Every structure is written in C-alpha cells, then in structure tokens.
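These notes concern the structure reproduced below.
Chain letters run A, B, ... following the sequence lines, proteins first, then strands; residues in each count from 1. Just so you know, these numbers come straight off a predicted model, no measurement behind them.
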Amino acid sequence: MSTPKRYLITAALPYANGQKHIGHLAGAYLPADIYVRYLKAQKRDAVFVCGSDEHGTAIPIQATKEGTTAQAIIDKYHPLMEQNFKDLGIVFDVYHRTSDPLHHQTAQEFFTKLEANGDLETKETEQYFDESAQTFLADRYIKGTCPSCGYDSAYGDQCEKCGKSLSPEELINPVSTLSGNAPIKKTTKHWYLPLNRHEEFLRNWILEEHGNDWRPSVVGQCKSWIDGGLQPRAVTRDLDWGVKVPLAGADGKVLYVWFDAPIGYISATKQWALNTGNDWKPYWEDKDTKLVHFIGKDNIVFHCIIFPVMLKLHGNILPTDVPANEFMNLEGDKMSTSRNWKLDMQDYITDFVNKENGGQQMADALRYYLTQIAPETKDSEFMWKGFQDAINSELVSVFGNFVNRSLVLMHKLCNGKVPPYHTDIEDSEDASVKEAIAATAKKVSDLIEGYRFREALFEVIALARIGNGYMQKKEPWIVAKQLAENPAAQKQIDNCLHLCLQLTANLAILAQPFLPFTAKKMCHLLKVVDKILDWENAGSLKLLSVGYTLRAPELLFRKIEDEEIAAQIQKLNDAAQTKKMETANTPITSTSTIAPVKPEIVFDDFAKIDLRVGTIVAASKVEKADKLLQLSVDLGFETRTIVSGIAQHFEPESIVGKQVTVVVNLAPRKMRGIESNGMILMAEDANGKLHFINPSDNINPGSGVS
RNA sequence: GGCGAGGUAGCUCAGUUGGUUAGAGCACAGGAUUCAUAACCCUGAGGUCACGAGUUCAAAUCUCGUUCUCGCUACCA
C-alpha cells in the first residue's frame with residue numbers, strides 16, 4: 001500500500017443546536033484528531049476539516065424553545081463548540097460553519113451542477129399549505145397530536161415529547177402554527193436524488209472494493225440498505241432556514257439539510273485554502289488524495305451511500321475509508337440529552353481542565369480514557385471509576401511515574417546532565433530495551449494506520465512499563481551506594497539513565513497524537529524543541545545529546561481523588577433527577593411557547609365523537625409487530641376488535657377485564673393486516689408510561705362518556 | 001417482525017487462513033524493593049469462549065437453531 005500524496009480528514013459536522021457530549025468526542029473528533037496528529041508528525045500533507053452544521057428544522061425549533069432566533073442559536077453554539085474542541089486539544093485546520101456565505105455558494109453550485117446534468121428528478125407531491133398565510137408549511141410549522149405518544153403539540157418532523165421523528169402526514173389533527181387554522185393539502189414541486197439509479201455502483205464500490213477493508217458494521221449496514229431497495233430522496237424542502245434552492249420558481253425552498261451538510265466538508269476545505277493560500281481542488285478531485293470520514297455509527301448511511309453518490313455525480317473523489325465508531329454509554333445507561341444523562345465537553349472542561357489543580361493535563365487525561373475505551377468494535381461504557389482507575393494506575397503510575405523517576409534519578413546521580421552511553425559494558429538488558437523502543441515505534445505506527453487507536457495507545461503505555469522493568473533490574477540507586485569502593489560502577493548508572501532518558505523522549509513522540517499537551521510538556525522538561533516530535537525520530541536513541549542539562553522534574557499528571565469521582569456521579573444523578581422532576585411537574589401544554597392548546601372547537605365538534613366505556617375481554621400480541629396488541633373490547637352492544645400500540649407497556653394477560661374508554665365512531669383502519677374499529681384512550685405520564693382512562697368504578701360496558 | 005453488529009476472566013478488550021495447557025491491562029492476593037506521585041518490579045489466583053446441536057482427527061474460530069445487548073427499519077389512529 002503506497003502512501004497517498006495527500007490526506008483529507010473529516011470529522012462529522014456537529015449539529016449546532018446544543019452542547020456536545022463526550023460520546024460525540026469519543027466517536028468522531030478524538031479519533032480523527034489522533035489520526036491527523038500522527039499524519040502530520042509523519043510530515044504527510046493532511047488537512048483536517050470540520051465545522052458546525054447549522055441548518056435543518058431542529059435549529060429553529062431549539063430557537064423557539066429558548067425563546068430566541070435561529071441565528072442567535074447558531075451564534076451561541078458555534079463558538080462554544082469550537083472552543084470546547086480547542087480546550088480538549090482537538091485541532092482542526094479549519095472549523096467552518098454551514099451558515100457561511102461560502103458554504104451557501106458551494107452547496108448551490110453543487111446542486112446546480114447535478115440539476116444541469118439531469119442527475120436529479122423532480123416530483124410533485126401534496127404538502128400542507130396555509131391558506132390565510134399563503135405559504136407552504138415546513139414540518140415545524142405544523143403541530144398536531146403525536147401518533148406515537150399522544151402528545152398534543154408534536155411538530156411535523158418530530159415529537160419533542162417522545163423524540164420520535166415524524167412526517168406531517170402522520171400527525172393527528174394537524175394545525176398551522178402561523179394562523180391556527182387547519183392546513184389544506186396543495187401540490188408542491190421538489191427535487192430528488194434518485195439513489196436507485198446508482199445501486200450497481202454502490203454494490204461494486206462498497207461490497208466488492210471495500211467489503212474486506214472497511215469495518216464489518218459499516219459494510220453490513222450499507223448492504224442492509226442496498227438490499228432494502230434504494231429510493232429517490234428529496235433534496236429540497238419548503239422552509240425558510242437553510243441554503244436557498246438556486247433556481248427560478250423555487251422561492252421558499254431550501255436544500256434539505258442532509259444534502260447541504262456534507263458539502264460543508266468541501267466548503268470548509270475551500271475556507272482553509274483561502275486562509276492559507278493553498279489550492280483546495282486537489283483535495284477533492286485528485287485521485288491520489290485519501291479522504292477519510294470519522295463518524296459515529298448513526299451516520300454510516302449518509303457517508304457511505306448518499307454522500308458518495310453525490311460526490312460521484314459531481315465528479316469528486318470518493319472516501320477511502322469511513323471508520324465509524326459505535327456508541328459510548330455512561331454509567332450503565334445510554335447517553336441522552338433529553339434525560340440529561342450525559343457528560344458534556346463543557347462540563348468536563350469546567351470541572352477538570354479549568355480548575356486550579358487541572359489544566360491541560362486533565363484534557364489529556366480525558367483523551368487517554370476515551371481512547372482506552374474507544375467504541376471501535378462495540379458499544380463501550382464510560383464509568384467514572386474506570387476513568388479514575390485508568391488515570392491513576394496507568395497514566396500516573398506507569399507513564400508519569402517512569403518519566404518522573406528517570407528525571408529525578410538523572411538529577412541525583414548524573415548531575416542533571418544526560419549521561420554518556422558506554423557501549424563497552426552494554427548487556428542484554430540494555431539491548432532488549434533498545435529493541436523494544438524501535439519495535440514499539442513500528443507497532444504504534446501500524447496500529448494508527450489501521451485506525452486501531454486503542455491498541456496503539458496500549459503499546460505506548462507498555463513501553464513505559466518496559467522502562468520501569470528495566471530500571472528495576474538495573475537498580476541504579478543501589479549501584480550508586482557502591483561508588484565509593486568501585487568508581488567504575490558509574491558507567492552502569494550512566495547506561496541505565498541514558499537509555500531511560502532516550503526512552504522518555506521516544507514516549508513523547510509516540511504519545512503525542514494521543515496526549516498532545518503532555519508531549520509538549522515533556523519537550524519542555526527535556527529542553528528540546530517540539531520538532532523532535534516528528535515521527536521520523538520515533539525509535540531513535542539519539543534524541544538527547546550527551547552532557548545536555550535538563551530541567552528539574554515536574555509531575556506530568558496528578559491522581560484523581562475518590563471525592564472527585566463521587567461528586568461527578570452525584571452530579572450526574574442529580575441532573576437526571578432534576579430533569580425528571582421538571583418533566584413531571586410541567587404540564588404538557590406549557591412545554592412549548594407556541595399554541596399550547598389546540599384551536600377552540602364548538603360543542604358540536606366535540607359531540608361528533610362517540611366515547612364509550614368498554615371492557616377488554618381478550619388481548620394478544622400482533623405478529624410481526626413490536627408495539628401492537630390486538631384487543632377484543634366488549635362495548636355492551638357488540639364486541640369489537642381494536643388494535644392498539646401499547647404492547648411495550650402492557651402484558652396481554654394483565655389487561656383482560658380492564659375497563660377502558662373507546663372512541664367508537666372512528667373510521668376503521670387496517671394495521672398489520674388487522675382491521676381496527678376504534679381507539680383506546682390513553683394517558684401518558686412523565687416517564688412515558690401509559691395508563692388507561694377508565695371510570696373509577698366498574699360500570700356497564702357501552703355507557704356513554706361526555 | 002426484517003436487516004446489520006456484538007456476547008471471550010469481576011471490569012476493559014486481543015485472539016490472524018479452525019491446530020499443543022484461550023491471551024493482555026486494570027482490579028484482587030502474596031512476595032520483593034525504596035530512585036519515584038503509598039508509585040515501581042516479581043509471582044499467583046481467576047474463563048463450560050452466551051446457550052444447544054452439527055461438520056471435523058481437531059471449533060472461541062465453520063454451519064444451523066435459541067437467547068440477550070446495541071443500531072437501522074416496519075408497526076402506533
């Protein structure tokens with residue numbers, strides 16, 4: 001495998017609607033940063049691009065939630081995320097943003113080219129339209145009852161209550177948030193990317209060319225998608241927030257966020273070129289460029305199927321690899337923003353990096369643990385106790401301690417200077433340490449090239465461990481006691497410390513991609529310039545000149561105390577608990593500032609609904625459906641079959657005999673082949689648990705409800 | 001329900017094309033040591049490789065079935 005002429009590395013564009021947590025960091029940004037730092041140390045031509053993804057409907061939604069504008073939201077989170085990355089040592093060559101005019105222009109050009117080449121299709125569909133406002137309604141301007149959880153103010157693209165993503169058609173009783181009127185359906189034209197035309201290409205490219213060198217989960221996920229049948233995907237939508245569709249007669253339409261966001265990698269590269277006076281084109285057009293996307297597993301389809309098709313049509317190079325990571329859990333549970341079960345980058349920075357006893361060493365500490373538990377092959381788990389153990393017994397005790405004892409001994413036994421190396425008394429121990437240094441450099445290098453950062457880091461620690469073992473065998477502090485009788489023994493001390501110091505310098509080089517701040521500090525202690533960190537020096541035994549005076553030792557890392565860990569766990573639980581209470585105490589209708597209550601109806605509207613009390617006489621699971629129960633409900637005048645989406649909340653046996661409220665004059669509807677004749681009313685509590693709405697005492701089935 | 005990825009020591013993970021007593025690190029136990037951040041070093045204990053069949057001289061590894069976890073997807077009137 002020859003070395004490519006240049007590399008372009010991307011990390012998933014973080015969505016600018018809120019803080020990003022350590023799961024995001026471990027999934028994409030940290031591995032990408034490690035890889036890039038390694039490439040740069042190798043003096044390869046590598047450009048690392050990223051930026052904020054600032055379009056899409058969730059940003060305006062977040063704006064509504066925070067009572068502000070979409071622009072204010074992205075102006076708040078874009079610099080925050082940029083600073084967070086910087087604080088944790090994630091160094092992009094450019095951190096761009098999709099709201100930048102350069103990006104709009106790039107995305108429009110991209111779209112225009114595809115459109116001009118006939119690579120897009122147009123289709124007319126019916127969409128909701130507000131007659132009084134004379135406008136099509138983007139998903140977020142439509143509210144209605146969530147079909148999933150029954151929340152009455154769900155948006156047309158997502159229910160904020162249960163988190164399910166929706167399409168406006170799924171909403172029950174949709175209402176325009178502009179006028180409060182029920183919207184009408186009207187045809188509108190949209191552009192589509194016909195993925196189905198490219199099945200052959202995708203099969204060849206992914207399954208044949210990369211079936212073996214990409215991660216199994218990535219190939220598997222793609223295969224699943226391709227086999228499932230590729231569909232044309234809408235590229236545009238009716239919305240006022242995003243990149244305008246650059247065609248006449250497309251007023252009020254923007255590019256769909258999934259289409260514009262990945263193009264952000266290209267505009268970011270352009271911005272980098274502008275900043276540095278380089279040419280961006282070879283990075284996206286020259287075949288000798290290696291393009292690598294670092295992402296989380298939720299992004300596989302976009303980066304392996306959709307974006308490559310776009311790139312191919314537009315005449316760009318394709319990604320060489322897409323090392324997608326799995327997810328990182330936290331203390332036994334999935335990380336979740338809505339449940340407040342997470343560790344934001346900002347929180348870690350505040351609690352550790354920016355504390356008096358913290359500093360950049362704590363940024364490296366986090367980088368160390370996150371790399372050590374990187375979810376490279378399966379979901380992994382961030383445990384605060386695990387964090388403490390990893391730092392205290394590996395980083396501090398093995399790595400930090402080796403560096404420290406080497407420097408301390410050198411000052412005590414060698415007058416603070418790098419001692420000479422006497423080849424005439426070299427023994428097998430010395431030789432094997434020399435070998436280990438060279439071998440580790442090679443191993444770390446190979447592992448990083450193969451995106452196996454966890455193992456690569458392990459090898460770095462292993463080298464420090466070898467150093468500790470070597471010193472233990474040589475015992476220079478014992479030898480020093482014999483100097484009075486045997487002055488020649490100084491040679492043994494010299495050799496031991498000479499090698500330990502050269503090993504330390506090597507550790508700095510090898511650790512640099514993972515622990516950049518620490519590597520820098522080590523350079524300072526060894527009084528060498530940062531240039532020594534170039535990878536070509538890895539494995540060298542001549543990094544420090546004999547007779548060179550070094551600085552007084554300083555500790556590289558501090559231990560993490562039990563109290564700190566306890567405090568973090570407490571904080572995590574408190575935050576989740578608070579969130580839970582908030583949710584429980586907040587009436588559903590006031591969680592949103594817009595249209596908390598549905599539009600007023602007259603009594604006649606209500607009277608149309610025929611509600612009756614019924615008794616469940618039989619219940620069973622619907623086959624091939626996770627959420628459906630088939631119920632037989634005795635309504636007094638007849639027993640009906642009703643299908644209800646409550647299978648995840650109730651065991652069929654446990655609800656037989658229960659009384660429920662039923663809408664009996666609802667139009668029948670087939671679900672999974674079974675006709676449902678009515679609807680069971682349910683209430684949902686703050687925890688998402690469903691409860692039947694029923695009379696307090698058992699009454700006759702068929703009794704009316706009003 | 002369909003599809004994809006996983007299930008290996010208490011914890012985090014390795015195990016190349018099936019081949020001798022299944023490997024690391026952490027944690028744990030014992031020992032040694034004091035230069036070093038109660039650090040290091042040595043030794044040890046600890047596994048029915050999710051479960052059940054099958055193929056084979058030989059299975060953690062291949063095949064089938066079952067089960068659990070995660071993701072994508074369908075189902076929610």
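- Look at CE on A:Met328: it is 16 Å from C1' on B:G71, rounded to the nearest Å.
- When the options A:Phe382, A:Phe514, A:Phe352 are evaluated for a ring-ring contact (aromatic ring centres under 6.0 Å, His included) with A:Tyr369, the one that passes is A:Phe382.
- Here B:C40 presents its P atom at 11 Å from CG of A:Asn392, a figure rounded to the nearest Å.
- Within the 4.0 Å cut-off from OP1 or OP2 of B:C41, not a single side-chain nitrogen or oxygen of A:Arg405 is found.
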Pairs: protein N or O with nucleotides 22-25 of chain B N or O, under 3.5 Å:
unit_1	atom_1	unit_2	atom_2	d
B:G25	O3'	A:Arg465	NH2	3.0
B:G25	O2'	A:Glu394	OE2	3.4

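- Taking a pair to require two hydrogen-bonding distances under 3.5 Å in either a Watson-Crick or a G-U wobble arrangement, B:G71 pairs with B:C3.
- At B:C40, one or more side-chain N or O atoms of A:Ser397 fall inside 4.0 Å of OP1 or OP2 (strictly under the cut-off).
- The aromatic rings of A:Phe387 and A:Trp384 lie perpendicular to each other, with more than 60° between the two planes, well past the 30° mark.
- A:Tyr15 pairs by the side-chain hydrogen bond (donor to acceptor under 3.5 Å, both in side chains) definition with nothing, not counting sequence neighbours.
- A:Leu555 comes within contact range of at least one nucleobase, with a heavy-atom separation under 4.0 Å.
- Atom name P, nucleotides B:U55 and B:U61: the rounded distance is 15 Å, in whole Å.
- Note on A:Gly678: only backbone sugar-phosphate atoms sit closer than 4.0 angstrom, heavy atoms only; bases stay farther off.
- A donor-acceptor pair shorter than 3.5 Å can be found between the side chains of A:Tyr368 and A:Glu394.
- At whole-Å resolution of the value, CH2 in A:Trp225 and C1' in B:G4 are 13 Å apart.
- Pair assignment for B:C28: B:G44, on the basis of Watson-Crick or G-U wobble contacts that are both within less than 3.5 Å.
- In this structure, A:Arg640 atom CZ and B:A77 atom C1' are separated by 14 Å, rounded to whole Å.
- The separation between A:His303 atom NE2 and B:C72 atom C1' is 16 Å, rounded to whole Å.
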Go through A:Asn299 and A:Val322 one step at a time and tell me if the side chain to side chain contact (heavy atoms under 4.5 Å, CB included) criterion holds.
-> CA-CA 10 Å; A:Asn299 252 325; A:Val322 185; over 6 Å; no

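- The gap from the C1' atom of B:G31 to that of B:C40 amounts to 14 Å, rounded to the nearest Å.
- The distance from atom CG of A:Asp379 to atom C1' of B:A5 is 9 Å, rounded to the nearest whole Å.
- The partner of B:U63 is B:A53, judged by Watson-Crick or G-U wobble contacts that both fall below 3.5 Å.
- Residue A:Phe402 is out of contact with every strand shown, counting any heavy-atom pair closer than 4.0 Å.
- For A:Ser224, the side-chain atoms get nearest to B:C3 when compared with the rest of B:A77, B:C3, B:A39.
- Using a 4.0 Å heavy-atom criterion, one finds that A:Ser644 contacts the sugar-phosphate atoms exclusively.
- A:Lys334 comes within 4.0 angstrom of sugar-phosphate atoms only, judged by non-hydrogen atoms across all strands, and of no base.
- In this structure, A:Val398 reaches neither bases nor backbone, as no heavy-atom distance under 4.0 Å exists between it and the strands shown.
- The closest side-chain donor-acceptor pair between A:Asn495 and A:His498, if any, does not fall under 3.5 angstrom.
- The side chain of A:Ser393 has B:A27 as its nearest neighbour among B:U37, B:C35, B:A27.
- Between A:Glu376 and A:Pro216, it is A:Pro216 whose nearest contact on RNA chain B lies nearer the 5' terminus.
- Residue contacts for A:Ile461: at a heavy-atom cut-off of 4.0 Å it reaches no nucleic acid atom on any strand shown.
- Taking the C1' atom of each, B:A24 and B:G15 are spaced 11 Å apart, rounded to whole Å.
- Nucleotides B:G18 and B:C57 are separated by 12 Å at their C1' atoms, to the nearest Å.
- For A:Lys378, the listed nucleotide lying nearest its side chain is B:A14; candidates were B:U34, B:A14, B:U37.
- The residue A:Lys559 sits close to a base: some heavy atom pair falls under 4.0 Å.
- Residue-level contact check: A:Val408 touches the backbone only, with heavy atoms under 4.0 Å from sugar-phosphate atoms and none from bases.
- At a threshold of 4.0 angstrom between heavy atoms, the contacts of A:Arg454 are confined to the sugar-phosphate backbone, with no base atom among them.
- If you take atom C1' in B:A60 and the same atom in B:U21, they sit 16 Å apart, rounded to whole Å.
- Using a 4.0 Å heavy-atom cutoff across all strands shown, A:Ser380 reaches sugar-phosphate atoms only and no base atom.
- Following rounding to the nearest Å, A:Gln221 (CD) and B:G2 (C1') show an atom-to-atom distance of 13 Å.
- Taking a cutoff of 4.0 Å between a charged side-chain nitrogen and a carboxylate oxygen, A:Glu326 and A:Lys297 qualify as a salt bridge.
- Candidate nucleotides B:A36, B:U34, B:C72 were compared by shortest atom distance to the side chain of A:Lys412, and B:A36 ranks first.
- Place A:Val396 and A:Pro375 on RNA chain B by their nearest nucleotides, and A:Pro375 ends up nearer the 5' end.
- B:A27 and B:C41 have their P atoms separated by 11 Å, with the value rounded to a whole Å.
- With A:Arg215 as the partner, the side chain to side chain contact (heavy atoms under 4.5 Å, CB included) test is satisfied by one option alone out of A:Glu376, A:His210, A:Gln221: A:Glu376.
- Taking atom C1' in both B:A14 and B:C76, one finds a spacing of 44 Å when rounded to whole Å.
- Heavy atoms of A:Asn401 sit under 4.0 angstrom from at least one base atom.
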Going through the distances and angles, do A:Thr518 and A:Phe399 end up as a side chain to side chain contact (heavy atoms under 4.5 Å, CB included)?
-> CA-CA 11 Å; A:Thr518 303; A:Phe399 189 101; 4.2 Å; yes

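- Between A:Glu564 and A:Lys355 there is no salt bridge, since no side-chain N of the basic residue sits under 4.0 Å from a carboxylate O of the acidic one.
- Going from the P atom of B:U17 to that of B:G1 covers 33 Å, rounded to whole Å.
- By the 30° and 60° cut-offs, the orientation of the rings of A:Phe453 relative to A:Phe294 is tilted.
- With a cut-off of 3.5 Å on both Watson-Crick or G-U wobble distances, the partner of B:A9 is given as none.
- Rounded to whole angstrom, the span from the CZ atom of A:Phe387 across to the P atom of B:U12 amounts to 17 Å.
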